[in-house]
Chemist: 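Quick one: structure below, then a few questions.
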Amino acid sequence: LSSIFDIEVKKLILSGCAGLRPKHNIAYYLKVFAYKLKKKLKINSSSGGSSDYKNIKSKDLKQVFVKVVNQHLDYLLKYIKTSTFLVWGGKDDQTPMYMCVTMHNSIANSSIYVINNAAHFCMFTHIYLCKNRIVEFLCV
C-alpha cells in the first residue's frame with residue numbers, strides 16, 4: 001500500500017515481516033529436491049512442509065499459503081516513502097536480522113528498534129518494551 005498505490009499512509013510499522021527472499025543453505029535445497037523426487041515417484045512424502053503447512057486442512061488454503069510464503073516483495077521497498085519503523089527480534093529465526101537490515105537500507109525514511117533477546121513475535125512477547133518506542137515514533 002505504501003509503495004505503489006495512491007493511498008496516504010502517514011506512518012508504517014513493520015515487525016518481523018516477511019516478503020524478502022530467504023537465504024538457504026545446500027541442506028535446504030537437498031531436502032526440497034528429495035521431497036519433490038518422492039512426490040514424483042509417488043512415495044510417501046508427508047515429511048515435507050512446515051508445521052504451519054501441515055496443519056492446514058483445506059487443499060485450496062494450502063495453495064494460498066504456498067503463494068503467500070513464496071511471494072517476494074523486495075523490489076517494492078525502494079518505493080516506500082512513508083516514515084517506517086522496523087521492530088525486530090534479535091533472535092528471530094523466521095525473519096532473520098539480515099531481512100531487517102535489508103529493509104532498513106532499502107526504505108529511505110526508516111529506523112530500527114531491535115529487542116536482542118526476543119524471537120519472531122517480539123511485539124507481543126515484549127509489548128511493554130515496544131509500546132513506548134512505538135508511541136514515540138507515532139507522535140514525532
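Please read these numbers as outputs of a predicted model, since none were measured by experiment.
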Chemist: Would you compute the distance between atom NE2 of H24 and atom CZ of R21 and round it to the nearest 0.5 angstrom?
Modeler: 9.0 Å
Chemist: side-chain contact (heavy atoms from CB on, under 4.5 Å), that's the test. Do I4 and L76 meet it? Break it down for me.
Modeler: CA-CA 8 Å; I4 57 174; L76 293 173; 3.5 Å; yes
Chemist: For I7, look at atom CD1 and say whether over 12 heavy atoms of other residues, nucleotides or ligands are found less than 6.0 Å away.
Modeler: yes
Chemist: Output, in order, the C-alpha distance, side-chain angles, deciding distance and verdict of side-chain contact (heavy atoms from CB on, under 4.5 Å) for I13 and L138.
Modeler: CA-CA 9 Å; I13 300 170; L138 293 174; 4.1 Å; yes
Chemist: To the nearest 0.5 Å, what is the distance between OG1 on T95 and CE on M103?
Modeler: 7.5 Å
Chemist: With clusters defined by side-chain heavy atoms of hydrophobic residues (ILVMFWY) lying less than 4.5 Å apart, directly or transitively, does V9 cluster with F137?
Modeler: no
Chemist: Can you name the residues that form a side-chain hydrogen bond (donor to acceptor under 3.5 Å, both in side chains) with T84, not counting sequence neighbours?
Modeler: none
Chemist: Got a donor-acceptor contact below 3.5 angstrom from the Y35 side chain to the L30 backbone?
Modeler: no
Chemist: Return the SG to CG distance between C17 and L86, rounded to the nearest 0.5 Å.
Modeler: 7.0 Å
Chemist: Is it the case that more than 12 heavy atoms not belonging to Y98 sit under 6.0 Å from its OH atom?
Modeler: yes
Chemist: Kindly compute the distance separating SG (C100) from CD1 (I112), expressed to the nearest 0.5 Å.
Modeler: 4.0 Å
Chemist: In terms of hydrophobic clusters joined by side-chain contacts under 4.5 Å, are V69 and Y28 together?
Modeler: no
Chemist: What are the two closest heavy atoms between E136 and V140, and how far apart are they?
Modeler: O-CG2, 2.9 Å
Chemist: Using modelled atom types only, decide if a donor and an acceptor are shared between the side chain of H72 and the backbone of N70 within a distance under 3.5 Å.
Modeler: yes
Chemist: Which heavy atom of L61 sits nearest a heavy atom of S58, and at what distance?
Modeler: N-OG, 3.2 Å
Chemist: To the nearest 0.5 Å, what is the distance between NZ (K81) and CG (L12)?
Modeler: 13.0 Å
Chemist: Look up atom OH in Y53 and atom NZ in K62, then write down how far apart they are to the nearest 0.5 Å.
Modeler: 4.5 Å
